[in-house]
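Presented below is the structure to which this report refers.
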Amino acid sequence: MGGFFGVSSKDDCLFDLFFGTDYHSHLGTRRAGMAVYGEDGFDRAIHNIENAPFRTKFDKDMRQMKGYYGIGCISDYEPQPLIVRSHHGTFAITTVSKINNAKEIVDNIFSNNNTHFLEMSGGDINPTELVAALINQKENLIEGIHYALETIDGSLTLLVLTPKGIYAARDKYGRTPLVIGNKGDSYCLAMESFSFQNLGYHQWKELGPGEIVIVNDEGIKTLMAPGSQMKICTFLWVYYGYPSSSYEGVSVEQMRYSCGKNMAKRDNVKPDIVAGVPDSGTAHAVGYANESGIPFSRPFIKYTPTWPRSFMPTVQSKRDMIAKMKMLAVHDLIKDKSILLIDDSIVRGTQLRETTEFLYESGAREVHIRPACPPLVYGCKFLNFSRSSSEMDLITRRVIAKLEGTQDVSEEILQKYTDPETKEYENMIEEIRKELNFTSLRFNRLDDMLEAVGIPREKLCTYCWDGKDIGD
């Protein structure tokens, strides 16, 4: 998905920028960068972080770069921040985005002027460069940022670094978060609220949907008020978010406890132990264990010294291999046990099937699987949750196609498979259970999961589970 951090300070901002950006490392795997503005103008560094953590790659840059305004990012895809020279002047930009209508935007820009785009490897246009091009279509930065927010189909949250300060804008439906922290005369902007706690900042405000602000040595000024509609991604709490973070005032860790508790209330199996697939499954499992009275245990330990980041390479075969390498089993807690295992979700099913097979090989009597969210039936249109090119990569869609005898399933039929009260849903779950060789399988219900979040349902994006979005 990606994440970013920005700092406005009357003194040098590099220390806070370096560590604040590093605290977003769980959100991306491929590229990272920092850009600053100070007495010597703009400076920037971008590095590949596929084989080394952020701090290792940027330690030298942190010691050499200087500035009082700065932005940094962790990216799961494109190199950024970019430095752009335009009729607005020179600015640096970093984004977290998913642009579904990129081709239409490019064609429209080409038809209006003679601009060009640099291709990345694979032939794609850098999404952050495309956002900069949209901003440059308008007479000033504020109008340009608003135009980009309104034009993009998908999602866009961004930071723009200029000599006047840092412009920040949250996605028009608030699908991804953006929070401001304050420390004396300094301000920071972050995707993850926990990222500035140990740097001495206190949370000042969360930007609302579509809100645009500028942060500089004079403080914070709202340039465009927030909109009234919000659809923040619910998966932030289930999976993406770091346990110590919170969104819209709701703690990630507390939500996961509550989620596990709600799952236990509906369950009727009596395993010997409850366990979670680390890291995101752990808190769900603790909540389940506390509610059910079944002991919590850790039959898997995540090896963190050389695999510290939760995301992995974008090539699926390598992701599956590394996922297995990161998990170490405690055989004494597996042998002859009936285990209830909670994972955050089932996407393709490959990793969880291999985990289950390993548990059986290690002597487990039963393996009951409890995903902490409902079945993923629709591919996400708003965040880069997966680089899958087809919804048929989802195990649910493959099973539905098998049950229906065709991949061309109508929306009316798909909706039946999202309803836990229907026979179609029941058949889908049983088919997945058999295919992945679980003793039993029970997904969390959407209503129970949303209750654990505690935010009104109309403010939460649930598209990947029920196919519904704005106006549905």
Side-chain angles (χ1 to χ4, degrees), residues 1-6 21 24 27-37 41-50 69-163 166-172 176 178 191 212 314 382-384 387:
M1 184 177 79
F4 58 56
F5 192 83
T21 304
H24 289 77
L27 293 174
T29 60
R30 296 191 65 184
R31 301 288 186 272
M34 296 191 300
V36 296
Y37 181 83
F42 285 92
D43 195 6
R44 179 191 61 174
I46 296 176
H47 294 296
N48 185 313
I49 57 169
E50 289 178 285
Y69 300 140
I71 59 176
C73 69
I74 303 290
S75 177
D76 204 30
Y77 185 45
E78 69 268 31
Q80 50 171 321
L82 302 181
I83 295 181
V84 178
R85 181 175 294 180
S86 76
H87 67 282
H88 301 309
T90 301
F91 62 86
I93 179 171
T94 184
T95 70
V96 172
S97 66
K98 181 173 173 60
I99 306 177
N100 298 319
N101 57 337
K103 184 180 184 305
E104 292 85 347
I105 293 172
V106 170
D107 290 344
N108 183 59
I109 291 174
F110 283 160
S111 68
N112 291 328
N113 52 53
N114 295 319
T115 191
H116 65 273
F117 297 97
L118 299 177
E119 287 190 353
M120 299 188 299
S121 59
D124 292 335
I125 292 173
N126 187 318
T128 299
E129 183 183 4
L130 186 54
V131 172
L134 283 172
I135 292 173
N136 290 334
Q137 302 300 298
K138 297 300 180 180
E139 291 300 314
N140 60 64
L141 277 174
I142 303 170
E143 290 181 2
I145 291 171
H146 179 65
Y147 177 64
L149 294 176
E150 291 297 319
T151 301
I152 285 172
D153 173 23
S155 68
L156 170 65
T157 297
L158 59 80
L159 299 178
V160 176
L161 170 64
T162 77
I166 302 172
Y167 292 82
R170 186 176 177 185
D171 174 71
K172 66 179 178 180
T176 46
L178 183 50
M191 298 282 290
I212 304 174
T314 53
F382 309 110
L383 279 71
N384 284 314
R387 289 288 170 187

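All of these numbers come straight from a predicted model, not from anything done at the bench.
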Would you check if the side chain of Asp153 reaches a backbone N or O of Asn101 as a donor-acceptor pair within less than 3.5 Å?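 Side chain of Asp153 to backbone of Asn101, a donor-acceptor pair under 3.5 Å: no, none is there.
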Side chains of [X] and [Y] in contact at under 4.5 Å (non-hydrogen atoms):
X: Leu156; Y: Thr151; answer: no
X: Lys138; Y: Ile145; answer: no
X: Thr176; Y: Phe382; answer: no
X: Gln80; Y: Arg31; answer: no
X: Arg170; Y: Thr157; answer: yes
X: Tyr77; Y: Asp124; answer: yes

Return the minimal non-hydrogen interatomic distance between [X] and [Y], and the atom names on each side.
X: His88; Y: Asn136; answer: CD2-OD1, 3.1 Å
X: Glu78; Y: Thr128; answer: OE2-OG1, 3.1 Å
X: Ile166; Y: Gly70; answer: CD1-O, 3.5 Å
X: Pro163; Y: Phe42; answer: CD-CZ, 3.9 Å
X: His24; Y: Phe5; answer: CE1-CD1, 3.8 Å
X: Thr162; Y: Phe91; answer: CG2-CB, 3.9 Å

Interatomic spacing from [atom1] in [X] to [atom2] in [Y] - rounded to 0.5 Å:
X: Ile212; Y: Glu143; atom1: CD1; atom2: CD; answer: 10.0 Å
X: Arg30; Y: Ile74; atom1: CZ; atom2: CD1; answer: 14.0 Å
X: Leu149; Y: Ile135; atom1: CG; atom2: CD1; answer: 8.5 Å
X: Cys73; Y: Met191; atom1: SG; atom2: CE; answer: 11.0 Å
X: Leu82; Y: Ile46; atom1: CG; atom2: CD1; answer: 6.0 Å

Out of the candidates Val131, Ile71, Thr21, only one should pair with Thr94 under the side-chain contact (heavy atoms from CB on, under 4.5 Å) rule; please name it.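 Going through the options one by one, the only one that passes is Ile71.
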Pick one: which of Leu158, Ile93, Leu159, Ile142 meets side-chain contact (heavy atoms from CB on, under 4.5 Å) with Tyr167?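 The single option meeting the side-chain contact (heavy atoms from CB on, under 4.5 Å) with Tyr167 is Ile142.
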Could you please spell out the steps behind the side chain to side chain contact (heavy atoms under 4.5 Å, CB included) verdict for Val84 and Glu129? CA-CA 8 Å; Val84 178; Glu129 183 183 4; over 6 Å; no
Parallel, tilted or perpendicular: ring planes of Tyr37 versus Tyr69, cut at 30 and 60 degrees: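 Ring orientation of Tyr37 relative to Tyr69: parallel.
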Do the side-chain N and O atoms of Thr29 and Asp76 include a donor-acceptor pair separated by under 3.5 angstrom?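 Yes.
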Using the side chain to side chain contact (heavy atoms under 4.5 Å, CB included) rule, take Arg85 and Thr90 through it: C-alpha gap first, then chi angles, then the decisive distance, then the call. CA-CA 4 Å; Arg85 181 175 294 180; Thr90 301; 3.8 Å; yes
Stepwise, does the side chain to side chain contact (heavy atoms under 4.5 Å, CB included) test hold for Ile152 with Ile105? CA-CA 8 Å; Ile152 285 172; Ile105 293 172; 4.2 Å; yes
For the pair Leu130 and Ile109, evaluate side chain to side chain contact (heavy atoms under 4.5 Å, CB included) and give the outcome as yes or no after the intermediate values. CA-CA 10 Å; Leu130 186 54; Ile109 291 174; 4.2 Å; yes
